Amino acid sequence: MRTRVEPVTPASLREAGALIRAGELVGMPTETVYGLGANALDARAVLRVFEAKGRPADNPLIVHVADRDAILPLVREIPLAAERLMDAFWPGPMTLVLPKADCIPDAVSAGLSTVGIRLPGSEAARALIRAAGRPIAAPSGNRSGRPSPTTAVHMLEDMDGRIPLILDAGPCAVGVESSVIDATGPVPVILRPGGVTPEMVARVAGDVRVDPHVMRPLSEGETARSPGMKYRHYAPKAKTVVYRGLGAPEAIRRRYDEAETAGERPVILGLNDRGYGARAFISLGGADRPQDAAARLFSALREADARGATLALCEAVDEKGIGLAVMNRMGRAAGFDIVDV
Ligand code: AMP
Ligand code: MG
């Protein structure tokens with residue numbers, strides 16, 4: 001199968017909608033990352049998503065809708081706190097975990113009694129869902145374990161030959177996946193940080209909890225509240241280490257020079273103006289612009305591989321606001337190999 005990349009036009013949307021209805025997979029641009037979309041109500045189509053990604057069957061998919069009313073048949077109940085979050089942050093980079101209705105195939109929710117639902121901010125994503133006339137189940141469009149794609153070309157790298165069509169709406173504005181929020185109880189729990197930050201949720205819901213595994217790995221015997229927490233994710237081929245704290249730039253420079261002397265190919269993923277000099281460097285933007293780090297992180301991890309790096313030295317950003325989402329992805333890319341300096 002040849003994979004075509006097409007700009008978003010009325011014709012490509014019509015074609016993509018027909019493919020989804022026929023049980024095929026389509027690359028879906030969103031404001032967070034590119035997704036691998038299938039008809040959410042078709043169990044066979046959903047199984048193809050797991051196959052194309054090489055995704056473990058116990059890691060559920062997010063169901064995307066084009067308007068609020070479309071979620072009513074998909075869930076059993078919408079608690080008041082969830083309603084408030086939808087009012088405040090939809091359309092946008094927020095997935096709510098709610099009790100699922102029977103029409104959602106078990107393959108989507110990986111056998112859980114809940115389902116993650118999102119109304120994306122991206123016009124292109126909503127246009128595709130409308131063209132399909134179905135809710136679209138979509139995980140990130142990378143092969144399992146790889147950094148999520150933030151451009152159509154990155155998605156093509158991973159999915160070439162596996163799916164018929166990727167719609168190209170340019171680079172993703174947010175650049176990290178949606179916040180996943182368990183909204184089944186009175187206090188929302190952030191299972192995966194994203195563009196809708198804990199601070200934003202607390203302002204609307206009065207209270208918020210952040211699952212402790214956002215910034216540390218599961219230890220043996222612990223169950224994941226969000227199955228995706230269990231898996232190695234976002235990782236480039238290079239060994240990846242994160243340096244956190246005021247001493248980070250200096251520690252990174254020293255480690256880089258030692259590694260280079262030892263014959264390795266190090267690269268720095270860091271903030272601008274840190275005195276990295278002529279060392280191989282991929283910018284995550286300015287220290288005062290955490291949104292830039294979010295938008296750049298996944299392409300920077302891919303770039304490290306493209307340059308043949310054997311060691312990626314990453315500079316931490318502040319864990320405030322969207323910085324928590326950046327640090328969750330960076331921490332996981334490094335297998336939580338985080339050095340405090
Ligand atoms: P991805 O689509 O690749 O960004 O992955 C979606 C993530 O959302 C998964 O890794 C899960 O951790 C999380 N998720 C989806 N549905 C649920 C659910 N019903 N309960 C908890 N977490 C979920
Ligand atoms: Mg993913």
Side-chain angles (χ1 to χ4, degrees), residues 25 27-38 40 46 49-65 71 74-79 82 93-101 104-118 120 122 125 135-150 154-155 158-159 172 174-185 188-196 209-211 213-214 217-218 222-235 294 297-298 301-302 325 328-329 332-333:
L25 311 183
M28 173 168 82
T30 81
E31 75 275 31
T32 58
V33 301
Y34 276 72
L36 179 60
V46 167
V49 171
F50 285 86
E51 209 177 296
K53 277 189 62 107
R55 183 175 177 101
D58 66 350
N59 195 2
L61 308 186
I62 291 168
V63 176
H64 297 74
V65 294
I71 79 166
L74 308 178
V75 299
R76 273 188 286 112
E77 192 202 329
I78 305 178
M94 175 183 76
T95 297
L96 293 180
V97 172
L98 294 167
K100 94 175 182 74
I104 306 265
D106 284 339
V108 170
S109 57
L112 299 172
S113 61
T114 53
V115 60
I117 306 216
R118 181 161 101 86
S122 155
I136 294 185
S140 51
N142 50 289
R143 290 276 296 161
S144 214
R146 300 250 302 145
S148 301
T150 50
H154 291 168
M155 182 154 181
D158 284 21
M159 288 298 151
C172 301
V174 178
V176 289
E177 305 87 338
S178 59
S179 311
V180 176
I181 303 176
D182 183 335
T184 55
V189 183
I190 299 196
L191 303 179
R192 176 177 75 182
V196 172
R209 292 212 307 273
V210 179
D211 191 284
H213 297 103
V214 161
L218 288 169
E222 265 182 314
T223 17
R225 207 158 154 186
S226 177
M229 287 171 177
K230 277 192 302 210
Y231 296 104
R232 181 183 151 90
H233 210 332
Y234 315 122
L297 178 65
F298 287 138
L301 291 167
R302 281 178 185 257
N328 165 264
R329 305 318 188 269
R332 297 192 56 192

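All values derive from a computational prediction rather than experimental measurement. Just the heavy atoms: all of them, side chains too, but no hydrogens, waters or symmetry mates, feed the values below. Start at 1 and go down the list; that is how both ligands and their atoms are numbered.
For Arg302, the salt bridge (charged side-chain N to carboxylate O under 4.0 Å, His left out) test picks out Glu157, Asp158, with sequence neighbours left out. For Ser122, the side-chain hydrogen bond (donor to acceptor under 3.5 Å, both in side chains) test picks out no residue, with sequence neighbours left out. With sequence neighbours excluded, no residue forms a side-chain hydrogen bond (donor to acceptor under 3.5 Å, both in side chains) with Thr150.
With rounding to the nearest 0.5 Å, the separation of OH in Tyr34 from NE2 in His154 is 10.5 Å. Rounded to the nearest 0.5 angstrom, Leu61 CG and Ile136 CD1 are separated by 12.5 Å. In this structure, the separation between OG on Ser140 and CZ on Arg146 is 11.5 Å, given to the nearest 0.5 Å.
With a 4.0 Å cut-off on non-hydrogen atoms, Val180 touches ligand 1 through its side chain and not its backbone. No part of Lys100 comes within 4.0 Å of ligand 1, judged by heavy-atom distances. Here His64 has no heavy atoms under 4.0 Å from ligand 1, in either its backbone or its side chain. Residue contacts with ligand 1 for Asn59 involve side-chain atoms from C-beta outward but no N, CA, C or O (heavy atoms, distance under 4.0 Å). With a heavy-atom cut-off of 4.0 Å, Val33 does not touch ligand 1 at all.
With ligand atoms numbered from 1 in the order given, ligand 1 contributes 18 (C), 19 (N), 20 (N) to contacts under 4.0 Å with heavy atoms of Thr114. Interface atoms of ligand 1 facing Arg192, defined by a heavy-atom separation under 4.0 Å, are 1 (P), 4 (O), 5 (O), 6 (C), 7 (C). Using a 4.0 Å cut-off to heavy atoms of Leu112, the atoms of ligand 1 that qualify are 18 (C), 19 (N), 20 (N). Counting the atoms of ligand 1 from 1 in the order shown, those under 4.0 Å from a heavy atom of Pro60 are 6 (C), 9 (C), 14 (N), 15 (C), 16 (N), 17 (C), 23 (C).
Listed here is the closest heavy atom pair of Val65 and Pro135: CG1-CB, 4.2 Å.
Side-chain polar atoms of Thr95 and Ser178 form a donor-acceptor pair below 3.5 angstrom.
Classification of Glu177 and Arg118 as a salt-bridged pair fails, no side-chain N sitting under 4.0 Å from a carboxylate O.
Of the listed residues (Ser140, Gly35, Ala110, Gly111), the one carrying the non-hydrogen atom nearest atom 3 (O) of ligand 1 is Ser140.
Close N/O approach between Glu177 and ligand 1 is not found [any backbone or side-chain N/O within under 3.5 Å]. For ligand 1, the polar-atom distance check finds no N/O of Lys53 at less than 3.5 Å from any of the ligand's N/O atoms.
Within the protein, the N, O or S atoms sitting under 2.8 Å from the Mg ion (ligand 2) are Ser140 OG.
At least one donor-acceptor pair under 3.5 Å links the side chain of Arg55 to the backbone N or O of Pro60. A donor-acceptor contact shorter than 3.5 Å is absent between the side chain of Arg192 and the backbone of Ser179.
Contact check for Asp182 versus Asp211: no side-chain heavy atoms found under the 4.5 Å cut-off.
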